[in-house]
Visitor: 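There's a structure below that I have some questions on.
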Amino acid sequence: MRVRAGAEAFRGDRAMGNEYGDHLDFRGGRFAGPFTAKAEYHEHGPAPTALDALPARAVGFTGRGPELRALIDALGPNAAGGSETVVVAAVSGLGGIGKTALAVEAGHGVCALGSFPGGVLFLDLHGYDDDPVTADQALEAVLRALGTEPEYIPARADERAALYRSTLAERARDRGPVLILADNASSPAQVRPLFPGGAGHRLLVTSRDRLSQLGARLMALDELSPAEAYELLDRALRIAHPADSRVADDARGAAELAVLCGHLPLALQITAGLLAVDPDKPVAELAAELTESRDRLDHLDDGERSVRAAFDLSYRRLPADQARVLRLLALAPGPEASNEVVAALVGLEAAPVRALEALARAHLVERGSERRLWRLHDLVRVYGAGVVAGDTGLVAEGEAARARALGFYHRWAGAADAWLQWLPGMAVPGLLEGRTEALAWLDGERAGLVAAVGWAAEEQHAETAVGLAERLTVYLSWRRYFDDAITVSSGARAAAHRSGDRAIEAMASDSLGDALRQVGRVEEAIEAHTRAREVFLALGDRYSEGRTWDRLGLSLREAGRVEEAIEAHTRARDVFLTMGDRYREPHAWDNLGNALREAGRVEEAIEAHTRARDAFLATGDRHREARARDNLGLALQKVGRVQEAMEGYEKALKIYRELDDWYCTGRTFHNLALAHLAAHRSSEARAYWLRAGDAYARAGATEEAAQARKAAEETGGASLTP
């Protein structure tokens, strides 16, 4: 019984009566007026508990097989004992990646195994909301869930934590261990007071940050695999409408849709919901809408769930420096950005590695294919670019960042290109240490370089981007990235045409023709070279005119117009002879020799290739010297001088290997195979074709590799080790 006195009945405070637990003793009290007492009777039963609080499984939960097994193994009855026992496990990942769904699924899995007879506590810490749950509030919540009366919950956090652990220990003795699932934590401080303190209890935490400070078993979630994404879409539609087979009927469209969703579970669930409410809408139609949208995130919103809102929660918590790095990194060209490109974007001498690592811990930035590279999830990139586009001040900041990145690429690509074209006697280029380093830099930055040339479509970046395109021409041809070369040259030509720069437009057209020829689009190549030649003739640019004649000859020969090719190469040769250009003249001689050989004028071809070889030797151009030796060998074979041809091939091979030109290595092995076959040495021919196949494969020329291996198989004979 509790008794309380009316306020009007007495004056004073504790002098009126003494407290004895749950009642007041009025004996000895001094009363100045009428006295009224009210009695309240309470029957005390056990306080309610919330120890079966695990949420329902996510409907249509898909994939995550290895991760689910790993969590169940870590938390379940077969978990390792002793010092390796996992008391705390932390699942982290990008917003919308499916952390909570996995944790809940794992919770149901371990409970089904009988691991936690004491029950499950579930607590949403709202770590990324404007008002996250504090550690004190979390402890109060779990103590209430464990059945502790509010008046017995201490005020101090350390006392609450002690009572929490004691209550869990008592629960373990009475019922068994408890699983505590703390969802959506944003900091170690939110989680540490919830450590259960032993007795078989386990704590499972989800967070957008890698909480490495907890000493927990860490699991970082990535996006779903293409197969898992397909299954999620199909299952979600069939749950809504069992007969809905749109995903199965259009697997290609579903795959495209999954890519546009970045294989992010939240985005996939939203798109599945959009399809479910519109049963007549084809999968490909929704994919087309996402493709054509200026901002995909506008579509990835079903009124209740939103990818943009999920990312907003993470972005708003970032310190200013990290937020700036994230949104500027979203503007980087290409799928990955090196430390140097990031430094250029943010305007620093060196990359802000600490900020990048902090963003990586928050799963907003990821390590790329190499440690020095960084990447963003596709939808995070869209989000970051949208943040910039939505603010006038940030737009200006973004344009300045892009200009710095483009300037960096232009400067370094120029140095790399200079090394690729460097010959003895020329000035030594700067920035890079040599040709090998130049190729390695270009290889590492290729995707970004090609994407940056695409900025030529924007007036403020056009001039620099077109210059960058010119500096990539030799490299893309050397590495045989002809599709990239077509993209780069087409973009540069269009930009130059818009600006009215006829000379640059013609140069881009000439480079475009060279790339088109390499992929078999010969008639288009002839047209591009012809357009370029006419402009150079009009402008009186003799050097460019000669180079274009030479390239036009290559395309004409490819088209079977050999006599026209001979004329074109002869014109190119005469231009360079007149100019006294000792570097370009042997190019024309070598190409002329190939055309003469195809026309049956073999002795003239031998003379032309010999002149080319000797000229390249004189200038120190070893790569083209090897090519001239290769071509000379073909002409020598035509007149039966097979041994001389083989000697030339061997010398060419030595140079190609030194320069890591595996495509030309493969071609020379092929020529050696033909020479041995002509000499009736089939086993040797087979061995060289096998070596040609290996070299072509190393160069990424899969079609040529397959043809060489087929030739080896058809040749037969004794097998020799290649």
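A quick note: this is a predicted structure, and the numbers were derived from the prediction, not measured.
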Visitor: Any Lys/Arg nitrogen of Glu505 or Arg531 sitting under 4.0 Å from an Asp/Glu carboxylate oxygen of the other?
Guide: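 Looking at Arg531 together with Glu505, the answer is yes, because their closest N to O distance falls below 4.0 Å.
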Visitor: Taking NZ, NE, NH1 and NH2 as the nitrogens, is one of them in Arg517 or Asp514 under 4.0 Å from a carboxylate oxygen of the other?
Guide: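 Result for this pair is yes, salt bridge flagged.
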Visitor: Any donor-acceptor pair under 3.5 Å linking the side chain of Ser509 with the backbone of Ala528?
Guide: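 Yes, because the side chain of Ser509 sits within donor-acceptor range (under 3.5 Å) of the backbone of Ala528.
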Visitor: Please confirm whether the backbone N or O of Leu331 pairs with a side-chain atom of Arg402, one donor and one acceptor, at under 3.5 Å?
Guide: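 Looks like no, no N/O pair under 3.5 Å.
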Visitor: Please check: side-chain N/O of Arg404 versus main-chain N/O of Ala344, any donor-acceptor pairing under 3.5 Å?
Guide: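 Pair found, side chain donor or acceptor close to backbone of Ala344.
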Visitor: Please work out which of the three classes, parallel, tilted or perpendicular, describes the rings of Phe616 and His587, given edges at 30° and 60°.
Guide: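 If you compare the ring of His587 with that of Phe616, the planes turn out perpendicular.
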Visitor: Do Glu567 and Arg571 pass the salt bridge (charged side-chain N to carboxylate O under 4.0 Å, His left out) test, and can you show the C-alpha distance, the side-chain angles, and the key distance before you say yes or no?
Guide: CA-CA 6 Å; Glu567 181 184 355; Arg571 283 177 173 266; 3.6 Å; yes
Visitor: Report the relative orientation of the aromatic rings in Tyr481 and Tyr475; use parallel for angles under 30°, tilted for 30 to 60°, perpendicular for over 60°.
Guide: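 The rings of Tyr481 and Tyr475 sit tilted, inter-plane angle from 30° to 60°.
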Visitor: Taking the basic N atoms (NZ, or NE/NH1/NH2) and the acidic carboxylate oxygens, is any pair closer than 4.0 Å for Glu445 and Arg372?
Guide: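 Looking at Glu445 and Arg372, the cut-off is met.
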Visitor: Check whether Thr570 reaches the backbone of Ile566 with its side chain - one donor and one acceptor, N or O, closer than 3.5 Å.
Guide: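 At least one qualifying donor-acceptor pair exists.
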Visitor: Do the rings of Trp478 and His623 sit parallel, tilted or perpendicular, given the 30° and 60° boundaries?
Guide: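 The arrangement is tilted - the two ring planes meet at 30° to 60°.
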Visitor: Below 4.0 angstrom, N of the basic side chain to O of the carboxylate: do Arg624 and Asp590 qualify?
Guide: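 A salt bridge is absent here (no side-chain N lies under 4.0 Å from a carboxylate O).
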